[in-house]
Amino acid sequence: MTTRPDAIDRLSPAVRYQIANGLGWSGLRPVQALSTDAILDGANCVVLAPTAGGKTEAAFLPLLSKMDAEDWRGVSVLYVAPIRALLNNQESRLSTLTGLIGRRAGKWHGDVKAPARRRMIDEPPDVLAITPESLEAMLLSTRTPARRFLAHVRAVVIDEVHAFAGDDRGAHLVALLERVTRIAENDIQRIGLSATVGDPEVIVQWLSGSSLRPQRVVDPGGPRKPPELALDFVGTLDNAALLIDRLYPGTRRLVFVDSRRRVEELGHRLSQRGVDVYLSHSSLALSQRTAAEKAFEEGTNCVIVATSALELGIDVGDLDHVIQIDAPSSVSSFLQRMGRTGRRAGSTANCTFLATDDDALLRAAAIIDLFRRGYIEPAAPSAWSPHVLAHQAIALAMQEQGSATHAWWNWIEGCAAFRNVSAPERESIVRHMVDNDILVEADARLALGARGEKLYGAKNFLELYAVFSTPRVLRVMHGQSEVGVVDASFLQDKEQKVPNFVLAGRPWRIVGVDWKGGTCSVEPAEVGGYPRWFGLPVSLERSLCQAMRRVLASKDTDPSWSKRAVTQLELQRESHAFLEDSSLPLEEDPDGRCRWWTFGGGAGNRVLAGLLELELGERVSPSNTFITFSNGAAESAVGIRQAIDALATRPLTWDDAARLVDPGQRSRVSKFQPCLPPEIEHGLIARETMNVDDANATLAQWKLGGDEGARR
């Protein structure tokens with residue numbers, strides 16, 4: 001019996017030499033040792049480690065070893081990240097790593113100019129950093145020889161894989177992996193990196209798709225130092241600004257706020273207090289964000305206020321403290337944000353919540369409760385993504401300049417995102433697109449039709465590069481410098497009212513708007529209102545809502561709660577004392593309405609409310625934690641209980657949810673809805689806006705005696 005060598009000894013001599021001499025390391029971290037074994041064994045894997053835990057090296061050191069030992073040439077590794085900023089941030093790191101063995105890394109996204117792209121085509125880098133949208137654009141381009149450029153890909157590294165797994169971009173990504181696999185004619189190794197994912201075994205299976213490689217989860221585990229948590233109730237954003245100014249003086253503080261408007265508002269208030277403050281959100285110009293991040297990285301007593309974009313692995317230096325205004329909508333987001341701290345030796349990860357209202361206070365307490373229990377939400381990637389399938393059918397028709405009617409599906413049939421799309425559904429989608437001139441079929445080939453050209457062909461097919469939609473925005477220009485962008489609808493309102501607004505933390509006056517050119521010229525002003533951007537209401541997960549109920553029904557306090565937080569939460573507990581009598585109480589209020597306190601989550605409650613409204617014939621409205629019965633629907637609590645009892649007699653299905661979609665007022669959940677037959681479109685809307693599993697969980701709880709207090 002032979003003894004398996006230590007992981008570092010399995011690396012090529014050149015890589016081992018550079019670990020010691022180029023990087024100056026004495027050895028590998030546990031996650032790097034485990035991933036080295038998994039990757040050199042040829043497995044598809046998900047690598048788990050805290051932010052700044054060495055995941056990038058964990059993936060690339062064994063891949064560079066294979067590149068060196070097997071003499072890979074051309075673009076052999078793709079590094080895929082969810083946002084351009086992360087690619088920009090990782091550029092020097094990837095260049096350093098590849099340079100250790102005399103190889104090169106390149107970057108390809110929308111901000112990379114044509115001359116740099118041409119140089120890469122002429123002299124391909126060994127590692128190419130790219131977003132899914134840029135990869136799609138490359139495959140569709142008639143100017144980029146994608147087949148030749150991607151013909152030697154051997155591995156793909158997906159950073160922040162949790163940011164992809166739960167939405168349409170993830171479905172798009174795994175479909176792209178299948179297409180690149182077909183081009184490379186190689187079983188491409190797939191490696192996902194994440195600090196927070198609740199279902200890693202599911203994610204590695206989802207990533208693997210048609211790959212026949214073994215699958216592994218790389219998780220070093222082991223004890224971790226408990227973080228320092230604090231939860232305070234401040235009541236207003238003004239008070240939050242006051243505390244941020246006074247908390248942790250002389251340190252670098254990263255403040256997370258969950259909307260661009262509130263980033264601007266808080267940043268402006270901090271600057272008025274004389275705080276050295278910088279802002280970062282997606283509607284600021286790249287130059288503004290880069291300057292802010294650089295200044296923050298070099299500062300010592302400063303604050304950066306950001307949206308969730310800075311959750312991801314963008315390095316802004318060694319932070320001292322993370323402050324969260326109100327609360328994120330998931331434990332995963334909280335862990336990503338807190339993970340920005342505690343990177344230095346001897347330091348501790350930390351997060352301070354500053355709640356501006358009761359709802360946010362309760363949600364923050366619930367997130368802390370879930371964290372104490374070791375819970376992280378599963379990403380649960382969808383296996384039924386007909387809209388992304390339609391997108392890929394169009395993309396393949398363009399990529400192949402007419403895809404074979406009988407063979408286009410072969411490109412993506414192994415994709416996990418389409419596993420539950422049946423053959424009849426697939427054929428129905430293509431037939432619908434042909435019948436509606438989105439595709440045309442001629443000589444047993446599919447090509448883009450006139451309506452498809454109109455829907456998705458504008459601006460050189462930009463609508464086809466991404467699966468998500470973006471609202472119309474205008475660039476805000478101060479002279480020749482771009483400040484950022486604002487929604488066109490907001491600017492139309494501002495022109496008619498006071499023409500001043502705040503962007504990048506500074507007030508501006510509108511000088512002129514070029515609607516055709518898509519620009520707004522501004523000059524500095526004294527005051528201004530805060531812009532709004534398009535966004536969707538937050539629908540909380542059932543797990544978080546259940547934790548909120550636990551906090552309300554408990555008498556315990558958490559060590560992280562301040563005296564103000566304790567006082568305010570005690571007031572909430574007093575007003576929810578009825579939760580002591582039943583787990584799902586039906587409460588009648590003085591205004592003649594009834595509330596059913598399900599704590600079932602917004603998407604699950606939407607199913608229940610819709611079906612109960614069909615039964616009762618009057619207004620039934622869902623929220624994250626309760627369902628409200630109004631007008632005639634609230635006339636009889638007994639009638640409501642009977643209606644709920646009737647729903648609970650059998651498990652609800654997606655067909656039940658699809659019944660709730662109003663054909664005359666269909667939600668827009670995807671720009672590819674016109675590609676879908678009505679019954680599939682209704683099913684998609686149901687799955688994107690509702691959750692049958694959560695609804696069934698609430699009904700199961702009801703059957704166990706959820707309203708037992710009222711029934712006695």
K.L.:
Would you call Pro125 and Val75 a side-chain contact if the rule is heavy atoms closer than 4.5 Å?
P.N.:
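Of all side-chain heavy-atom pairs linking Val75 with Pro125, at least one is under 4.5 Å.
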
K.L.:
State, to 0.1 Å, how close Ala195 and Gln336 come at their nearest heavy-atom pair, and which atoms those are.
P.N.:
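Reported closest heavy-atom pair: CB-OE1, 3.4 Å.
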
K.L.:
To check you understand the geometry: which heavy-atom pair defines the closest contact between Ala380 and Asp199, and what is its length?
P.N.:
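That would be N-OD2, 2.9 Å.
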
K.L.:
Counting N and O atoms only, with roles assigned by atom type, does the side chain of Asn44 sit under 3.5 Å from a partner on the main chain of Gln189, one being a donor and the other an acceptor?
P.N.:
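Not a single qualifying donor-acceptor pair exists.
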
K.L.:
Hey, are the side chains of Val180 and Val156 touching, using non-hydrogen atoms and a 4.5 Å cut-off?
P.N.:
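No; the side chains remain at least 4.5 Å from each other.
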
K.L.:
Taking the six-membered ring where the residue is Trp, are the ring centres of Phe164 and Trp206 under 6.0 Å apart?
P.N.:
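So the answer is no for these two rings.
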
K.L.:
Which of these passes salt bridge (Lys or Arg N to Asp or Glu O under 4.0 Å) with Arg650: Asp655, Asp656, Asp645?
P.N.:
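It is Asp656, the one option of Asp655, Asp656, Asp645 that forms the salt bridge (Lys or Arg N to Asp or Glu O under 4.0 Å) with Arg650.
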
K.L.:
Under 4.5 Å between any side-chain heavy atoms of Ser330 and Leu544, yes or no?
P.N.:
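Not touching, per the 4.5 Å side-chain cut-off.
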
K.L.:
For a quick test of reading the model, state the closest non-hydrogen atom pair linking Thr628 to Ser630 and the distance between them.
P.N.:
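Heavy-atom minimum between the residues: CG2-OG, 3.8 Å.
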
K.L.:
Without swapping roles, check the side chain of Thr689 against the backbone of Ile685 for a donor-acceptor pair under 3.5 Å.
P.N.:
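Side chain of Thr689 to backbone of Ile685, a donor-acceptor pair under 3.5 Å: yes, one is there.
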
K.L.:
Given Trp384 and Leu684, is the side-chain contact (heavy atoms from CB on, under 4.5 Å) satisfied, shown in steps?
P.N.:
CA-CA 9 Å; Trp384 193 81; Leu684 174 67; 4.3 Å; yes

K.L.:
Do we see a donor-acceptor contact under 3.5 Å between the side chains of Thr698 and Thr598?
P.N.:
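Note: Thr698 and Thr598 side chains miss the donor-acceptor criterion.
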
K.L.:
Does atom CZ of Arg143 have more than 12 heavy-atom neighbours, drawn from other residues, nucleotides or ligands, at distances under 6.0 Å?
P.N.:
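Not more than 12 within 6.0 Å, no.
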
K.L.:
Looking only at the side chains, is there a donor atom on one of His391 and Asp168 sitting less than 3.5 Å from an acceptor on the other?
P.N.:
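There is no such pair between these side chains.
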
K.L.:
Any chance CD of Glu541 has more than 12 other-residue heavy atoms, nucleotides or ligands included, within less than 6.0 Å?
P.N.:
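Counting neighbours around CD of Glu541, 12 or fewer heavy atoms of other residues, nucleotides or ligands fall under 6.0 Å, so no.
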
K.L.:
Can you tell me how far the CG atom of Leu78 sits from the CD1 atom of Ile191, to the nearest 0.5 Å?
P.N.:
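Here the interatomic distance stands at 11.5 Å.
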
K.L.:
Taking Ser428 for the side chain and Pro424 for the main chain, is one N or O donor matched with an acceptor at less than 3.5 Å?
P.N.:
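Side chain of Ser428 to backbone of Pro424, a donor-acceptor pair under 3.5 Å: no, none is there.
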
K.L.:
Any non-hydrogen side-chain atom of Leu611 less than 4.5 Å from a side-chain atom of Leu660?
P.N.:
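Sidechains of Leu660 and Leu611: in contact.
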
K.L.:
Go through the steps to decide whether Trp411 and Ile183 satisfy the test side-chain contact (heavy atoms from CB on, under 4.5 Å), and finish with yes or no.
P.N.:
CA-CA 9 Å; Trp411 282 83; Ile183 288 171; 3.9 Å; yes

K.L.:
So, Glu400 versus Trp408: side-chain donor-acceptor pair below 3.5 Å or not?
P.N.:
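No donor-acceptor contact under 3.5 Å links the two side chains.
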
K.L.:
Would Ser211 and Ser208 count as having a side-chain donor-acceptor pair, cut-off 3.5 Å?
P.N.:
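There is no such pair (donor and acceptor under 3.5 Å, judged by atom type) between the side chains of Ser211 and Ser208.
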
K.L.:
Could you check whether any side-chain N or O of Thr307 sits under 3.5 Å from a backbone N or O of Ser259, counting only pairs where one atom can act as donor and the other as acceptor?
P.N.:
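Checking the backbone N and O of Ser259 against the side chain of Thr307, no donor-acceptor pair under 3.5 Å is found.
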
K.L.:
To the nearest 0.5 Å, how far apart are CD1 in Ile412 and CG in Leu176?
P.N.:
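Ile412 CD1 to Leu176 CG: 10.0 Å, rounded to 0.5 Å.
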
K.L.:
Any donor-acceptor pair under 3.5 Å linking the side-chain atoms of Ser194 with those of His162?
P.N.:
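On atom types as modelled, these side chains qualify, holding a pair under 3.5 Å.
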
K.L.:
Flag the pair Arg451 and Asp435 as a salt bridge only when some basic side-chain nitrogen lies within less than 4.0 angstrom of an acidic carboxylate oxygen.
P.N.:
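Salt bridge: no.
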
K.L.:
What is the minimum heavy-atom distance between Leu396 and Ser403, and which atoms define it?
P.N.:
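Heavy atoms of Leu396 and Ser403 come nearest at O-CB, 3.8 Å.
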
K.L.:
For Gly601, does its backbone N or O pair with a side-chain atom of Asn624 as donor and acceptor, under 3.5 Å?
P.N.:
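Side chain of Asn624 to backbone of Gly601, a donor-acceptor pair under 3.5 Å: no, none is there.
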
K.L.:
For Ser76 and Arg154, does a side-chain donor sit closer than 3.5 Å to a side-chain acceptor?
P.N.:
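Their side chains do not contain a donor-acceptor pair, so the 3.5 Å distance test is not met.
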
K.L.:
Measuring from atom CD of Gln642 to atom CG of Leu647, what distance do you get when rounded to the nearest 0.5 angstrom?
P.N.:
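Going from the CD atom of Gln642 to the CG atom of Leu647 covers 12.5 Å.
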
K.L.:
Do the side chains of Gln215 and Cys45 get nearer than 4.5 Å, heavy atoms only?
P.N.:
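When only atoms from C-beta onward are counted, Gln215 and Cys45 do not touch, as no gap falls below 4.5 Å.
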
K.L.:
Please examine the side chains of Val486 and Ser283, heavy atoms only from C-beta on, and report whether any two atoms are closer than 4.5 Å.
P.N.:
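Side chain of Ser283 against side chain of Val486, heavy atoms only: no contact under 4.5 Å found.
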
K.L.:
Looking only at heavy atoms, what is the nearest atom pair of Leu616 and Ala643, with distance?
P.N.:
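Closest approach of Leu616 to Ala643: CD2-CB, 4.1 Å.
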
K.L.:
Mind running side-chain contact (heavy atoms from CB on, under 4.5 Å) on Val157 and Leu193 for me, showing each step along the way?
P.N.:
CA-CA 7 Å; Val157 178; Leu193 310 180; 3.7 Å; yes

K.L.:
Determine whether the side chains of Arg182 and Ser210 contain a donor N or O and an acceptor N or O closer than 3.5 Å.
P.N.:
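No, no side-chain donor-acceptor pair sits under 3.5 Å.
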
K.L.:
So, Glu136 versus His172: side-chain donor-acceptor pair below 3.5 Å or not?
P.N.:
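There is such a pair between these side chains.
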
K.L.:
May I have the step-by-step check of side chain to side chain donor-acceptor pair (under 3.5 Å) for Asn88 and His109, ending in yes or no?
P.N.:
CA-CA 10 Å; Asn88 296 336; His109 59 60; 2.9 Å; yes

K.L.:
Does Arg426 qualify as a cation-pi partner of Trp409, given the criterion of NZ or CZ under 6.0 Å from the six-membered ring centre and within 45 degrees of its axis?
P.N.:
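Yes, Arg426 and Trp409 form such a contact.
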
K.L.:
Under the criterion side-chain contact (heavy atoms from CB on, under 4.5 Å), I'd like the reasoning laid out for Leu177 against Ile188: C-alpha separation, chi angles, the key distance, then a yes or no.
P.N.:
CA-CA 8 Å; Leu177 295 185; Ile188 293 173; over 6 Å; no

K.L.:
Is there a donor-acceptor contact under 3.5 Å from the side chain of Ser422 to the main chain of Glu425?
P.N.:
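Yes, the answer is positive, given that a donor and an acceptor are paired below the 3.5 Å cut-off.
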
K.L.:
Using distance alone, with no hydrogens and no angle criterion, decide if Ser543 and Glu377 have a side-chain donor and acceptor under 3.5 Å apart.
P.N.:
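Judged by distance alone, the side chains do not pair up.
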
K.L.:
Between Gln392 and Arg179, does any side-chain donor sit less than 3.5 Å from a side-chain acceptor?
P.N.:
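Indeed, the side chains of Gln392 and Arg179 share at least one donor-acceptor pair under 3.5 Å.
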
K.L.:
Examine distances only and state if a side-chain atom of Arg445 and a backbone atom of Gly402 form a donor-acceptor pair shorter than 3.5 Å.
P.N.:
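The answer is yes, because a donor-acceptor pair under 3.5 Å joins these two groups.
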
K.L.:
Quick check for you: to the nearest 0.5 Å, what is the distance between Ile680 atom CD1 and Gln673 atom CD?
P.N.:
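The distance works out to 12.5 Å.
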
K.L.:
I'd like to know whether Arg668 forms a side chain to side chain donor-acceptor pair (under 3.5 Å) with Ser670, so could you lay out the CA-CA distance, the side-chain angles of the two residues, the decisive distance to 0.1 Å, and finally the verdict.
P.N.:
CA-CA 6 Å; Arg668 187 169 191 254; Ser670 168; over 6 Å; no

K.L.:
Between the side chain of Thr405 and the main-chain N/O of Ala444, is any donor-acceptor distance below 3.5 Å?
P.N.:
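A pair under 3.5 Å: yes.
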
K.L.:
Check whether any side-chain heavy atom of Arg190 sits under 4.5 Å from a side-chain heavy atom of Val204, and report yes or no.
P.N.:
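When only atoms from C-beta onward are counted, Val204 and Arg190 do not touch, as no gap falls below 4.5 Å.
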
K.L.:
Is the closest side-chain heavy-atom distance between Trp654 and Arg687 below 4.5 Å?
P.N.:
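Yes; the side chains approach each other to less than 4.5 Å.
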
K.L.:
When rounded to the nearest 0.5 angstrom, what distance separates CG in Leu608 from CG in Asp694?
P.N.:
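Rounded to the nearest 0.5 Å, the CG-CG separation comes to 9.5 Å.
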
K.L.:
Taking only residues two or more places apart in sequence or in another chain, which ones pass side chain to side chain donor-acceptor pair (under 3.5 Å) with Arg659?
P.N.:
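Not a single residue meets the side chain to side chain donor-acceptor pair (under 3.5 Å) criterion with Arg659.
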
K.L.:
Donor-acceptor check, side chain of His432 to backbone of Pro674, threshold 3.5 angstrom: yes or no?
P.N.:
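Judged by distance alone, yes, a pair lies under 3.5 Å.
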
K.L.:
Side chain of Asn691, backbone of Asp693: donor and acceptor closer than 3.5 Å?
P.N.:
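Judged by distance alone, yes, a pair lies under 3.5 Å.
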
K.L.:
Walk me through it: do Ser332 and Thr196 pass the test side chain to side chain donor-acceptor pair (under 3.5 Å)?
P.N.:
CA-CA 6 Å; Ser332 177; Thr196 56; 3.2 Å; yes

K.L.:
Hey, could you give me the CG/NE2 distance between Leu446 and His406, rounded to the nearest 0.5 Å?
P.N.:
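Here the rounded value is 11.0 Å.
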
K.L.:
Side chains of Asn605 and Trp596: donor-acceptor distance under 3.5 Å anywhere?
P.N.:
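The answer is no; no qualifying pair exists.
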
K.L.:
Before we go on, tell me: are the rings of Tyr456 and Phe672 under 6.0 Å apart, centre to centre?
P.N.:
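Close enough - the centres of the two rings lie under 6.0 Å apart.
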
K.L.:
Using a strict cut-off of less than 4.0 Å between a Lys/Arg side-chain nitrogen and an Asp/Glu carboxylate oxygen, indicate whether Arg419 and Glu413 qualify as a salt bridge.
P.N.:
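Looking at Glu413 together with Arg419, the answer is no, because their closest N to O distance does not fall below 4.0 Å.
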
